[in-house]
Amino acid sequence: MSSFVPCSSFYISSNASSDQGYDGGGEERDSALPPAIEDVLIRSSAFLLMRHGKLKVLSELGMQNTDELRYCYIGKCGALETIVNRNGLAMSAFSNLEFLSLDELSNLKSILCLEMEEGQSSPPPPPLNVNSFTNLTRLQLWDCQLIEHLFSSGFMLQQMSNLKDLLVLNCRGLKGMIPEDEKVEYEALPQLSYLYLYELPEFVNLFEGVRTCWQSLDEVIILNTPKLRKLPFDTNSAPNLKGIQSYNQEWWDALEWDNHAAKFQLLML
């Protein structure tokens with residue numbers, strides 16, 4: 001990716017035809033981007049958004065602007081609550097995105113939000129034939145303290161079925177990968193090869209009760225997740241997994257296993 005060069009109140013790439021960046025400094029009057037940025041974004045493959053102080057839903061930037069995006073980094077946007085809502089989903093926002101990094105988003109509550117309408121007890125079904133996140137291969141979440149579940153629904157898991165690398169660090173409010181009462185009709189993340197979890201003090205559920213098949217998984221690192229008591233891996237479900245790095249013998253000894261032999265086969269201190 002090209003380096004970002006300061007230009008007025010935002011950052012614009014030195015190769016504007018492929019990369020684009022915006023640093024708002026938190027002083028925007030509304031949730032929109034400057035028109036000059038929007039004009040270039042539609043032709044960009046990479047986008048960096050920093051310190052936008054008004055934007056609540058990333059997909060509100062205009063879905064016609066995201067068709068070419070392959071890489072997206074969002075950081076320190078204090079008002080941002082979700083990445084894609086129902087309107088953005090209906091327009092297949094981020095359909096070609098391969099890399100998504102979310103960093104220091106103090107108000108982020110979800111990545112994909114299927115909002116309930118007034119008077120409804122549950123969200124209506126998602127739109128049909130949508131492509132949001134279907135090409136995503138790497139997702140990393142850093143310092144997002146309010147999000148409680150990484151995947152808000154089984155539908156979101158299905159949309160991200162091509163995910164290969166998943167990194168979640170220092171998200172102190174995160175309780176699990178998916179709500180326990182959520183119905184999942186498909187195998188979770190069948191292409192996942194790399195999983196890194198770090199500093200998740202409230203995290204208790206790593207796809208427990210969800211149908212999984214980890215044929216591609218070969219590296220797992222889990223650090224400082226004291227409340228996590230059960231792992232969904234063994235040598236049968238994850239035949240290519242070389243081992244699990246934890247660096248905490250006390251936590252490892254307290255884990256519960258359906259296949260007790262896997263405890264010794266997968267240990268990598």
Side-chain angles (χ1 to χ4, degrees), residues 75 83 100-112 136-154 156-157 160 163-182 184 187-238 240-269:
I83 304 304
L100 177 62
S101 181
L102 307 173
D103 187 11
E104 291 189 59
L105 304 176
S106 59
N107 207 33
L108 186 75
K109 299 178 180 67
S110 65
I111 296 175
L112 193 158
L136 194 69
T137 59
R138 183 179 179 93
L139 173 63
Q140 50 191 49
L141 201 71
W142 310 65
D143 297 309
C144 299
Q145 309 303 338
L146 292 188
I147 191 167
E148 294 186 355
H149 297 95
L150 190 64
F151 300 94
S152 55
S153 64
M156 181 180 170
L157 265 179
M160 293 192 175
L163 200 65
K164 295 181 179 179
D165 300 330
L166 178 59
L167 299 86
V168 188
L169 298 88
N170 196 32
C171 296
R172 295 179 173 272
L174 193 71
K175 297 178 180 179
M177 285 294 179
I178 192 167
E180 293 183 5
D181 59 353
E182 183 67 25
V184 181
E187 290 180 348
L189 307 182
Q191 303 299 321
L192 193 69
S193 62
Y194 178 75
L195 175 66
Y196 187 99
L197 305 178
Y198 174 75
E199 203 67 53
L200 309 177
E202 300 300 320
F203 191 79
V204 297
N205 185 352
L206 182 59
F207 294 118
E208 187 173 352
V210 177
R211 188 155 53 101
T212 56
C213 183
W214 307 102
Q215 297 296 313
S216 300
L217 192 65
D218 64 12
E219 186 172 3
V220 173
I221 301 173
I222 302 176
L223 306 172
N224 298 341
T225 58
K227 293 186 178 181
L228 181 63
R229 285 288 178 258
K230 194 169 185 178
L231 303 180
F233 319 118
D234 60 35
T235 52
N236 294 319
S237 64
N240 294 309
L241 182 58
K242 302 179 181 70
I244 300 171
Q245 298 181 46
S246 70
Y247 305 105
N248 187 325
Q249 185 66 53
E250 182 178 355
W251 173 78
W252 184 266
D253 290 341
L255 287 175
E256 303 169 6
W257 298 86
D258 292 330
N259 181 350
H260 196 70
K263 176 177 181 179
F264 304 99
Q265 294 169 335
L266 295 178
L267 175 62
M268 288 181 62
L269 286 178

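All residue numbers in this chain count up from 1 along the given sequence.
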Practice problem: Under the side chain to side chain contact (heavy atoms under 4.5 Å, CB included) rule, collect the residues that match up with Arg211, sequence neighbours excluded. | Solution: Glu187
Quiz item: Within a strict 4.5 Å, meaning less than it, do heavy atoms of the Leu141 and Leu108 side chains meet?
Solution: yes
Self-check item: Close side-chain approach of Leu146 and Asn107, heavy atoms under 4.5 Å
Solution: yes
Quiz item: How would you list all residue pairs meeting salt bridge (charged side-chain N to carboxylate O under 4.0 Å, His left out) that involve residues 254-266, not counting sequence neighbours?
Solution: Lys230-Asp258
Quiz prompt | Partner residues of Trp257 under the ring pair (Phe, Tyr, Trp, His ring centres under 6.0 Å) criterion, sequence neighbours left out | solution = Trp252
Self-check item: Contacts of type salt bridge (charged side-chain N to carboxylate O under 4.0 Å, His left out), residue Arg229, not counting sequence neighbours
Solution: none
Exercise. Work out which heavy atom in Ser237 is nearest to a heavy atom in Pro232; give both atom names and the distance.
Key: OG-O, 3.6 Å
Exercise. Heavy atoms only: give me the nearest Leu266-Asp234 pair and the separation to one decimal.
Key: CD1-CA, 4.0 Å
Practice problem: Please check if any side-chain donor atom of Trp214 sits under 3.5 Å from a side-chain acceptor atom of Thr212, or the reverse. | Solution: yes
Quiz prompt | Residue pairs involving residues 213-223 (criterion salt bridge (charged side-chain N to carboxylate O under 4.0 Å, His left out); sequence neighbours excluded) | solution = Asp218-Lys242
Self-check item: Test item: Leu200 and Leu223 side chains (from C-beta on) under 4.5 Å apart, heavy atoms
Solution: no
Self-check item: Pair Ser153-Glu182, side-chain donor/acceptor within less than 3.5 Å
Solution: no
Quiz item: Which residue pairs pass the side-chain hydrogen bond (donor to acceptor under 3.5 Å, both in side chains) test when at least one of the two sits in residues 143-152, sequence neighbours left out?
Solution: Asp143-Asn170
Practice problem: List the atom of Leu150, the atom of Ile147, and the distance in Å for their closest heavy-atom pair. | Solution: CA-CD1, 4.4 Å
